Each structure stands twice: as C-alpha cells, then as structure tokens.
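Working notes for the structure below.
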Number of protein chains: 2
Amino acid sequence: MSLRHGLLGLLAEGPASGYDLARRFQEGLNSLWPAQHPQIYSELSRLASAGLIEVDSHGPRRRTAYRITDAGLAEVKRWLAEDEIDYSFRMEPLLRSFFFWLMEPEDLKRRLAEEQQQFAAYAQTLRSFAGAKDRGEWGTSRRTRAQRIAVEAAIRVNEALAEWARWAEETDLMADENFGRQPSGPDAPPPEPKE
Amino acid sequence: MSLRHGLLGLLAEGPASGYDLARRFQEGLNSLWPAQHPQIYSELSRLASAGLIEVDSHGPRRRTAYRITDAGLAEVKRWLAEDEIDYSFRMEPLLRSFFFWLMEPEDLKRRLAEEQQQFAAYAQTLRSFAGAKDRGEWGTSRRTRAQRIAVEAAIRVNEALAEWARWAEETDLMADENFGRQPSGPDAPPPEPKE
DNA sequence: CTTGCACATGTACGGCTCTACATGTCAAGG
DNA sequence: CCTTGACATGTAGAGCCGTACATGTGCAAG
C-alpha cells in the first residue's frame, strides 16, 4: 500500500516518468522505502487505471511522464492524515542478532565490528547528502525541508544501530568463559516453550 | 528467506510447536520480525520437507512439536556466518515523513507529537521487557544474553525515532509563514526530475 | 452438563516484492 | 559507420506476507 502513496507523493511535486521515479527511489528514498523499477511501472499503470494519475506527456524513447490528478492528490493527503499507522519494521541484521548465541565468540566479534562499520558508513553517506540540503543547494522550500527531515530519520536509525553494534561488541555479555563446555549452572527455562 | 531462519533459530533452543513459535514471534520477536501464524505453519511444513526440522512429538489438540535436525542447525549457522547481509529496512512512518510538506502545519504538528509518543511508548514497553532479562529472571545463559542484545537494538531504534519526532516537531523547519500563499521566492528545481 | 475460552492448526486468496529476462531508442565516441 | 552505453519500459514467474475464513479440542467455571 505504501509504494502507491510514495509514488503519488513524488508526483505531487510535479510530472515525472517511471524512470525518473525509479531513480528517485534508488537515491534518497532508497533508505526509507526500497523499490525496484518493475514494481514502479506496474504500480503506475494501476494508478492510472484508478484515475489517480494521468499521462502528462510523451518524450523520446517511449518516455511517458505522468501527472497527479485531483483525486490522486486527495488520496495522498488522506493517507497522510490517516490514523492507522503501521509502526512495525523488519531488519534482517536485527533478527540475526537474536540468534547470536549460536555463533562462535570470535566470529561474532568480527561480525559486530563489521556491522558497526556498515551502519556508520551508511549514516555518513546520508549525512553528507543531508549536508547538501542544509547548505541550501536544493532550495529551502517546504518540500525540501520536509525531505531533509525524512533523511534525518534514516540517519538517526543508522547511527543508533552503529552505536548499538559497538555497545554489543564492547559489553562482555557475549564473552562466555564457558562457551563450548556444559552450561555453567541452572538456567531458567525459556519463557514460552511449554511441552 | 528470513522467517525460515528465524524459525530454525528458535528451534535451536529446543522443540516447539507452530503455536509456540507463533507466540514467540508475537511477543519479543515481534519488534524484530513480525510474523503471522499462517506463514509460520506453512514454513514449518516446508522446513520439514527439506529435512531441516522433523516432528518431535504429538500432544493434545493435534499439537505437533518439531525438533531441529543437524542439517537445520548447520543451515542456521551458515546463515549467521553469511557475508551478504541486507541492511535495508522499510518503515511506513519514515516514508510518510518524506511527504510531510503536503500536510497542513497544524495537522503535522499533531501527527509528530503522536508519533513521538508512540515510539517512546513502544521503547518503554521493550525496555521493561529487557529489564526482566537484566534482573536475571530468565537466567543468564548465553542465549538469554544474546536475545537481550537483540531487544536492545529495537529499543534504540524506537528511542532514536522518538527523539527524531521531537526534533522534527521543535525545529522550525516546518513552520512556514508562507504556507498557503504563493512560493516565497525562487526555488531550485528538484535534483532529479528532468523533462 | 453445558457454555465459553484458550488451545491448535490449517486453507484460500490476493497483494506485494524481487530477480531474471526481454526489447527497443537515442547520443556520442572512435 | 559502428559500437557502446545510458535511457526507457516492460513481462514472467516465484516467493513472501497478511487477512479472512474454517475447523476442531480440551479445560474450567458456573
């Protein structure tokens, strides 16, 4: 449901082709909502059938630009005002971390160092991107400033996770003198698993 | 691909039924990787056909517990050691924020306050959950400690976003004296959209 | 004893998303 | 002139995910 509204939101800025939109998703928006081009093209067709967008112009190389309709603009605003928000998220590295106890301490340490580096590097990339906005290189419209705020969210999430990976690596929670030998003592059973 | 390994990881702790696993995903793991029961049951069938898990026992009410096989354990460890990690994530509230410029300032302010509250509340919930682990109520095995680290990641992400929402609300980036009137001045065109 | 609730497992279907494949166009450089 | 590469758009198919629907069981309270 979100890609649909993401496309509408981008088209609210002005007409664009599927190729343009795919590029925008690839660049700044990729950190907020990854999307590949096949999905974008098919979604555009659906939006056009629904009357939320319409063909704006044709260009060279079969280029087809779309324009948002009044209905489309109303729809994206409705979406933004909606009360029901899905706060859930999925991140594979976090799921993995739930099972870190299955890894050898050395491998784990290496892995955490690597993840820390990855998160920090990505945050850095986004931050320099945001820096360009802060220097006003893209203007200071309300739109630009809103997008700067969105990028800030992605930056902060990545920074938080870089910090987390460092913390996880440095805390001695994982250094288990008994690793590989029998359990060090009586351990409470897992909370759920009965049977 | 990840649910598969998540289930294997949980079964590495010991035998469990689909119902048990659905419960665990619902509870602590829900913040890391949401999953509904239909998906879990069908994935279990697939894992069993693949020989990564096998039926451990039958109980009342058609209860069927599974046990991880050696092949399954090897597979989950392979997954954990894998180099290719997908660092992407999707979060609807963040995508929305990219389009905040389409909202009325007042609605936006209200929205940000609400989001700040939601993120903070969820972080709080997870933190009290983690507190139980910290007090050793569930033992201090390597497994428990690893899971504590995983929960910490979710906590930090939510705290970071609560902070972000507060920052976004307080910064006057959104307070636009010109909202509703014509643009305040020449604005650079969007970076991408040619045409 | 019966009623309700938590337990326990599934099917069906539709929508979302990704990878791989396929096709053709225009511009620039050699 | 020919080749390369960026432009531009799609189809096919498979897998993942969520909602809704469906079914039956054991236990405990009244």
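Convention: sequence-line order gives letters A, B, ...; per-chain numbering from 1. Model, not experiment: these values are computed from the prediction.
Spacing between atom CH2 of A:Trp33 and atom P of C:dC16 amounts to 11 Å, rounded to whole angstrom units. Atom P of nucleotide C:dT17 and atom CG of B:Leu95 are separated by 10 Å, given to the nearest angstrom. The CZ atom of A:Arg61 sits 23 Å away from the P atom of C:dA22 (whole-angstrom rounding). In this structure, A:Gln26 atom CD and D:dT9 atom C1' are separated by 16 Å, rounded to whole Å. One atom, CG of A:Leu21, and another, P of D:dT9, lie 9 Å apart when rounded to the nearest Å. Separating the OH atom of B:Tyr66 from the C1' atom of C:dA8 is a distance of 12 Å, rounded to the nearest angstrom. D:dC7 atom C1' lies 9 Å from atom CZ of A:Arg23, rounded to whole Å. The interatomic distance linking A:Tyr19 (OH) with C:dT23 (P) rounds to 20 Å, in whole Å.
With hydrogens and angles left out, the side-chain atoms of A:Gln26 and A:His37 include no donor and acceptor closer than 3.5 Å. Side-chain atoms of B:Thr144 and B:Ser141 form a donor-acceptor pair, as typed in the model, at a separation below 3.5 Å.
Using a 30° and 60° split on the angle between ring planes, A:Trp164 and A:Phe119 fall in the perpendicular class, above 60°.
Between A:Tyr87 and B:Tyr122, the gap from one ring centroid to the other reaches at least 6.0 Å.
Between B:Arg63 and C:dA8 there is a side-chain N or O to OP1 or OP2 distance below 4.0 Å. At least one side-chain nitrogen or oxygen of B:Gln36 sits closer than 4.0 Å to the OP1 or OP2 atom of D:dG18. For D:dC16, the OP1/OP2 oxygens have no side-chain nitrogen or oxygen of B:Gln39 closer than 4.0 Å. Contact between the side-chain N/O atoms of B:Arg46 and the OP1/OP2 oxygens of D:dG15 is not found at any separation under 4.0 Å. Put simply, B:Arg62 has no side-chain N or O that comes within less than 4.0 Å of OP1 or OP2 on D:dG26. Between C:dC16 and A:Arg90, no contact under 4.0 Å exists linking OP1 or OP2 to a side-chain N or O.
A:Ser17 comes within 4.0 angstrom of sugar-phosphate atoms only, judged by non-hydrogen atoms across all strands, and of no base.
With the nearest nucleotide of DNA chain C identified for both B:Gly18 and A:Ser2, B:Gly18 has the one nearer the 5' end. Nearer the 5' end of DNA chain C, as judged by each residue's closest nucleotide, is the contact made by A:Ala35, out of A:Pro60 and A:Ala35.
Nearest nucleotide to the side chain of B:Arg4, out of D:dC16, C:dT9, D:dT9: D:dC16.
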A:Arg96 vs A:Glu92, salt bridge (Lys or Arg N to Asp or Glu O under 4.0 Å): CA-CA, chis, key distance, verdict
CA-CA 6 Å; A:Arg96 271 169 205 267; A:Glu92 215 193 296; 2.6 Å; yes
